[in-house]
Amino acid sequence: MSIDVAAIRKDFPLLARTVNGKPIVYLDNAATSQKPQCVIDALCQFYQASNANVHRGIYALSEEATLLYETSREKVARFIGAPSPRSTVYTRNTTEAINLVSHAWGRLNLKAGDEVLITEMEHHSNIVPWLLLCQETGATLRSLPVTEDGLLDLSELDSLLTERTRLFAVTQMSNVLGTINPVRELVAKAHAVGALALVDGAQSVPHLEVDVKEMGCDFFAFSAHKMLGPTGIGVLYAREELLEKMGPFLGGGEMISEVYLDHATWKDIPWKYEAGTPNFADAVAFGVAIDYLEKIGMKAVRQHEKELTAYALRVLENVGGVKVFGPPDAVRRGGVVSFWMEGVHPHDLAQVLDTEGVCIRAGHHCAQPLMRRLRVPATARASFYLYNTRDEIDVLVGGLKKATELFGHVPG
Ligand code: 7TS
């Protein structure tokens, strides 16, 4: 099940470049991934040979573009185990997918006295839409705490998830701690009290085998750009009955069936949720990214990242003054490692690493409530993907040691 990393790296042209005179070590995959040549080619190819607006032309070129767009949707649906492409709506990204739910479902279904449950480890894009919705409807936002080990505190679940809860919105994998949450069980718990469950898959779909049907979730959101695809295209999966009942979200061309000056009717799902000219070129290239990942196999991707993460946890432990956040083993976490280095602010650390060609993210990672829980203003974060190597983690560790020397921390 192992993967040929050397061969994979050759598919990613950006990995051949240098930064500050050093070979690039790209460890910011949780922010966005690099793109293989086949995805870049697919974008160019589309504009060179197949570009026409979709779902409107009566001519061959437009039909061809439409077919490519819809074939890509079929690939996306299959990749996440969705029962049908009808349940798969294209959005701009995870953020827009979650906002689609908060607007098109939330406004119809929430009222004062209702509750939405999130967790303390959510990304702002799975917090702020619910905050806004609760402000608008008078509903209450509650949050499941995180333990010292960076896991969800499930001992609090039964007191927070009650018959008042209308929606439980939870991430499958934390973008800060790497924690992989037991979403199947959490979804079942939500359903047991009559709530719906939304799972944020922004960090999980790129790295784990995902099956939304087996998970049983009602909504599932993710972004192409974190999984080798282009920016500006994401997905909301939702159970078909929900998509039929709720919405629409944005109004405009292409989402309608008939328009009169005093009323309108909507197109079938999923197009009811895709107002205006959609991002068809990027959707087509997204399909090629999925082909690429499927060829390698998500089991193999996960295995590689598990090994890299276990290695990173081991070597980081031996760097003086480093405290790693999140679960201590690589089984309950994906390839995201956040840490704090005594005496060095994460921003200074990222700058020193940059001089070594190493790209990491430093900051609050759009998870300010979690930063408060961890009692830090920010963390440094290295995040891996299928093209990363142990050697690159060694370069990271070398950079950390250099930062220690520069900033005068004496280990021990
Ligand atoms: N949810 C999670 C868990 C995320 O990690 C991110 C992006 C989002 C939602 C939002 O995705 P978007 O594509 O709509 O922006 N996370 C990060 C990150 O960790 N660093 O940069 C973006």
Side-chain angles (χ1 to χ4, degrees), residues 26-35 76 80 89-103 118-132 143-144 146 150 152 168-181 183 186 197-208 210 215 217 219-237 249 279 282-283 286 289 305 325-326 333-339 346-347 350 359-371 373-374 376 378-385:
Y26 186 76
L27 301 178
D28 195 16
N29 294 286
T32 200
S33 74
Q34 296 306 335
K35 322 299 172 197
V76 172
I80 57 164
V89 178
Y90 282 127
T91 61
R92 272 191 304 147
N93 47 34
T94 307
T95 305
E96 190 178 79
I98 295 174
N99 277 275
L100 194 166
V101 179
S102 74
H103 283 255
I118 57 169
T119 86
E120 214 177 3
M121 68 167 75
E122 298 309 313
H123 185 281
H124 292 165
S125 69
N126 201 23
I127 301 175
V128 182
W130 309 121
L131 209 54
L132 293 172
S143 168
L144 185 66
V146 167
L152 290 179
F168 184 17
V170 58
T171 190
Q172 187 170 11
M173 178 173 145
S174 161
N175 67 317
V176 175
L177 304 164
T179 312
I180 298 171
N181 291 320
V183 280
L186 297 176
L198 177 145
V199 176
D200 175 349
Q203 295 295 342
S204 59
V205 181
H207 306 281
L208 312 172
V210 164
M215 196 187 296
C217 57
F219 303 107
F220 189 86
F222 59 105
S223 304
H225 71 92
K226 293 184 200 285
M227 50 189 293
L228 313 183
T231 49
I233 186 89
V235 173
L236 173 71
Y237 156 81
F249 173 38
N279 186 359
D282 289 310
F286 182 22
E305 291 175 17
F325 300 102
R333 70 191 293 160
V336 175
V337 180
S338 278
F339 55 94
H347 284 180
C359 312
I360 63 155
R361 184 166 173 197
H364 54 62
H365 315 292
C366 302
Q368 289 180 0
L370 182 59
M371 292 297 117
R373 171 67 183 92
L374 300 175
V376 287
T379 74
R381 181 187 71 181
S383 51
F384 315 125
Y385 212 175

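One-based numbering along the sequence shown. Just so you know, ligand 1 is whichever comes first in the structure, and atom 1 is the first atom listed for that ligand. As a basis for the values below, the full set of heavy atoms in this structure was taken, side chains included, without hydrogen atoms, waters or symmetry mates.
- For ligand 1 and Ser125, the ligand atoms under 4.0 Å from any heavy atom of the residue are 1 (N), 8 (C), 9 (C), 10 (C).
- In this structure, Asn126 and Ile118 approach most closely via the heavy-atom pair O-CG2, 3.6 Å.
- Atoms of ligand 1 found under 4.0 Å from any heavy atom of Gln203 (numbered from 1 in listed order, with element): 3 (C), 4 (C), 5 (O), 16 (N), 19 (O).
- Listed by atom number, the atoms of ligand 1 under 4.0 Å from Thr95 heavy atoms are 10 (C), 12 (P), 14 (O), 15 (O).
- Minimum heavy-atom separation, Ile233 to Ala283: CD1-CB, 3.8 Å.
- A donor-acceptor contact closer than 3.5 angstrom is absent between the side chains of Thr171 and His123.
- For atom 16 (N) of ligand 1, the closest non-hydrogen atom of the protein is Lys226 NZ, 2.9 Å.
- Contact analysis leaves Cys366 out of contact with ligand 1, as no non-hydrogen atom separation drops below 4.0 angstrom.
- Proximity annotation for atom 3 (C) of ligand 1: of Asp200, Thr231, Asn126, Thr91, Asp200 comes nearest, heavy atoms only.
- Contact analysis leaves His124 out of contact with ligand 1, as no non-hydrogen atom separation drops below 4.0 angstrom.
- Close contacts between ligand 1 and Ser223 involve ligand atoms 11 (O), 12 (P), 13 (O), 14 (O) [criterion: under 4.0 Å to a heavy atom].
- A side chain to side chain donor-acceptor pair (under 3.5 Å) with His207 holds for exactly one of Gln172, Lys226, Glu305; it is Glu305.
- Minimum heavy-atom separation, Thr32 to Tyr26: O-OH, 2.7 Å.
- Atoms of ligand 1 found under 4.0 Å from any heavy atom of Thr171, numbered from 1 in the order shown, are 3 (C).
- Here the shortest heavy-atom pairing between Val336 and Ala30 reads CG2-CB, 4.4 Å.
- Closest to atom 18 (C) of ligand 1 by heavy atom, among Arg361, His365, Arg92, is Arg361.
- Residues Pro206 and Gly201 come closest through the heavy atom pair CD-O, 3.9 Å.
- In this structure, the protein non-hydrogen atom closest to atom 6 (C) of ligand 1 is His123 CD2, 3.3 Å.
- For Glu96, the closest heavy-atom approach to ligand 1 does not fall below 4.0 Å.
- At a heavy-atom cutoff of 4.0 Å, ligand 1 is contacted by the side chain of Arg381 but not by its backbone.
- Counting protein heavy atoms only, atom 11 (O) of ligand 1 is closest to Thr94 CB, 3.7 Å.
- Ser383 OG to Arg361 CZ: the interatomic distance, rounded to the nearest 0.5 Å, is 9.5 Å.
- Nearest approach of Met121 to Gly150, heavy atoms of both residues: CE-O, 3.7 Å.
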